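Worksheet: one structure, shown below.
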There are 2 protein chains.
Amino acid sequence: MLDQLPNTLLQQRKTVQLEANQPLFIQGTKPKFLYFLEEGEVQLTRCGQQGETCTLQRIQQGFLAEASLFAEHYHCDAHCSKKSRLSAFPIKAFRQQLGQDGFYEVWIQLLSKEIKRLRNQGQRLALNSASDRIIHCLQTEGENGVLRLQGSIKEWAAELGLSHETLYRTLHRLQKQKQLEIVKQKTATQLKLTMHCPT
Amino acid sequence: MLDQLPNTLLQQRKTVQLEANQPLFIQGTKPKFLYFLEEGEVQLTRCGQQGETCTLQRIQQGFLAEASLFAEHYHCDAHCSKKSRLSAFPIKAFRQQLGQDGFYEVWIQLLSKEIKRLRNQGQRLALNSASDRIIHCLQTEGENGVLRLQGSIKEWAAELGLSHETLYRTLHRLQKQKQLEIVKQKTATQLKLTMHCPT
DNA sequence: GTTTTTGTATGATTTGAATCATATCTTACT
DNA sequence: AGTAAGATATGATTCAAATCATACAAAAAC
């Protein structure tokens, strides 16, 4: 992804190494850098009314909080959920670069992709059965109905807005019903949809 | 909002008048125009697996399917849910205009705003109690805890991912518990949060 | 290597939202 | 004005997910 960035920008990036659980930025502060996560994992979170932490997004690779490029302040918190390596681009330089060589087009396409992803997520969370959400996720996030889970099933449960108990149960039920296959690999679990429906 | 668009573009717009229930575009087709809804209401929808229609978004004013500007095909359907007036901008002209006078910055900010809205929506739909979703909606979509409902409560229920029965009941319960006020006006219902929490 | 923590898994119970049913009120249509 | 259609409202019932509890395996920490 970074290969689409102009060299001028790449030269200005600073590499940031963070351990698990270290904070990256907090809600309300003014963005100075735009971060690109190279490896590891970052979570975007927010506090609920009772102080519970709500995870908005788990990211393994890519730009974080794209909207911060033109925002006066962050609208969520970010912390490393795993040891991570990031590239930090000065916001000012990044914004200047947008006007050069049609770089803005790259950025707009990236934002558009994020919008599509979020719309899918919204549609998914509006489904009220666990199996519907699982299947929808495989259909929209997976490639040809196959999805490699990033991280644990428990973390995936949070993303799907389900309790982990329900997710375990429903996954096994769907497997018994031959609606999907669960392939456990060393690194990660892989899910494959046993397709009936077209599309 | 259109006042931020350059004149060159405004001159190229075509006005489109559509009656309620008329389709605007369908998923899979190639976008030729970028639509701005002036008045009325448009719904972005998608089909579920069993053919049920799922409403992704109800819009009363603003650009529709912003991602279509750089998309090969629409990723959802759109139809007028009320008699509507729209402005249609040729995609090609719009994209060319992005490079002029830093217009891309306006567009990026608009996309960023949409991303924030969608993130809020995702966070809201991940809440599993009806009252939590209602309160979260007032906090994030409302101004200072006050929200004027666009359309019927029934339509709002769909947006919140709740059955309309549950929404009616929960609204009245929250009112009894003095957590919010319901003000019925001629045109629309207005909801006001009886604040306890800071922020 | 041992301990501790975290993820996986499943059973029992509770809870709250969906659903079905029905009634009234409002709005749109003719 | 009169009728039809849709929104509002509430009760009864069902159902599925959350929660609580517990057990075991795997991974991390020491």
Side-chain angles (χ1 to χ4, degrees), chain A residues 19-21 40-41 43 48 50 52 54-55 58 80-83 124-137 149-177 179 182-191, chain B residues 19-21 40-41 43 48 50 52 54-55 58 80-83 124-137 149-177 179 182-191:
Chain A
E19 297 300 314
N21 298 319
E41 186 176 274
Q43 291 188 5
Q50 281 80 32
E52 358 70 87
C54 157
T55 301
R58 251 180 343 119
C80 295
S81 36
K82 294 179 183 159
K83 183 176 177 178
R124 182 157 56 244
L125 289 171
L127 300 172
N128 32 24
S129 97
S131 57
D132 283 352
R133 289 194 201 169
I134 291 168
I135 290 165
H136 182 277
C137 192
L149 290 191
Q150 300 290 353
S152 66
I153 293 183
K154 209 175 164 184
E155 286 170 308
W156 194 38
E159 266 176 55
L160 291 175
L162 299 170
S163 70
H164 56 102
E165 295 98 323
T166 300
L167 181 53
Y168 289 130
R169 274 187 257 263
T170 312
L171 276 177
H172 294 148
R173 206 196 69 221
L174 289 174
Q175 191 180 29
K176 267 187 195 137
Q177 296 172 349
Q179 291 209 255
I182 306 175
V183 183
K184 289 207 169 181
Q185 295 170 326
K186 282 174 231 167
T187 41
T189 303
Q190 189 173 288
L191 298 174
Chain B
E19 297 300 314
N21 299 318
E41 186 176 272
Q43 291 189 5
Q50 282 79 32
E52 356 72 86
C54 157
T55 301
R58 252 182 341 121
C80 295
S81 36
K82 294 178 183 161
K83 183 178 176 176
R124 181 156 60 244
L125 289 172
L127 301 171
N128 32 23
S129 96
S131 56
D132 284 351
R133 289 193 201 170
I134 291 168
I135 290 166
H136 182 277
C137 192
L149 290 191
Q150 301 290 353
S152 66
I153 294 184
K154 210 175 163 183
E155 286 170 309
W156 193 39
E159 266 176 55
L160 290 175
L162 299 170
S163 69
H164 56 103
E165 294 100 322
T166 299
L167 181 53
Y168 289 129
R169 273 187 258 261
T170 311
L171 276 177
H172 294 148
R173 205 195 69 220
L174 290 174
Q175 191 179 30
K176 267 186 195 136
Q177 295 173 349
Q179 292 209 254
I182 306 175
V183 183
K184 289 205 169 181
Q185 296 171 324
K186 283 175 231 168
T187 41
T189 304
Q190 190 173 286
L191 298 174

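Below, chain A is the first sequence line, B the second, and so on; all start at residue 1. Keep in mind that this is a model prediction, so the values were computed, not measured.
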How close or far is atom [atom2] of [N] from atom [atom1] of [X], stated in whole angstroms?
X: L127(B); N: dA17(C); atom1: CG; atom2: P; answer: 12 Å
X: Y168(A); N: dC20(D); atom1: OH; atom2: P; answer: 17 Å
X: L160(B); N: dA18(C); atom1: CG; atom2: P; answer: 11 Å
X: K176(A); N: dA9(C); atom1: NZ; atom2: P; answer: 12 Å
X: K184(A); N: dT8(C); atom1: NZ; atom2: C1'; answer: 6 Å
X: I182(A); N: dA9(C); atom1: CD1; atom2: C1'; answer: 12 Å
X: W156(B); N: dT8(D); atom1: CH2; atom2: C1'; answer: 15 Å
X: I153(A); N: dC24(D); atom1: CD1; atom2: P; answer: 20 Å

**Item:** side chain to side chain contact (heavy atoms under 4.5 Å, CB included) assessment of Q175(B) paired with H172(B)
**Value:** CA-CA 5 Å; Q175(B) 191 179 30; H172(B) 294 148; 4.2 Å; yes
**Item:** Selection from dA9(D), dA7(D), dG7(C) that lies nearest to any side-chain heavy atom of H172(B)
**Value:**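 Looking only at side-chain atoms, H172(B) lies closest to dA9(D).
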**Request:** Quick one: do Q43(A) and E155(A) satisfy side chain to side chain contact (heavy atoms under 4.5 Å, CB included)? Show the steps, please.
**Result:** CA-CA 11 Å; Q43(A) 291 188 5; E155(A) 286 170 308; 4.2 Å; yes
**Request:** Could you walk me through whether E165(B) and R169(B) pass side chain to side chain contact (heavy atoms under 4.5 Å, CB included), step by step?
**Result:** CA-CA 6 Å; E165(B) 294 100 322; R169(B) 273 187 258 261; 3.5 Å; yes
**Asked** Once you round to the nearest 0.5 Å, how far does CD of Q150(B) lie from OG1 of T189(B)?
**Response**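 Output value for this atom pair is 11.0 Å.
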**From CD1 (I182(A)) to CG (L171(A)), nearest 0.5 Å** =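 Taking CD1 in I182(A) and CG in L171(A), the distance rounds to 5.0 Å.
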**Request:** Check the angle between the aromatic planes of Y168(A) and H164(A) and answer parallel, tilted or perpendicular using the 30° and 60° thresholds.
**Result:**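 Correct class here is perpendicular.
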If you restrict it to nitrogen or oxygen atoms, what contacts under 3.5 Å exist between nucleotides 16-19 of chain D and the protein, and what is each distance?
| residue | atom | partner | partner atom | Å |
| --- | --- | --- | --- | --- |
| dA17(D) | OP1 | A130(A) | N | 2.8 |
| dA18(D) | OP1 | S163(A) | N | 3.4 |
| dA18(D) | OP2 | S163(A) | N | 3.1 |
| dA18(D) | OP2 | S163(A) | OG | 2.9 |
| dA18(D) | OP2 | T166(A) | OG1 | 2.8 |
| dT19(D) | O4 | R169(A) | NH2 | 3.0 |

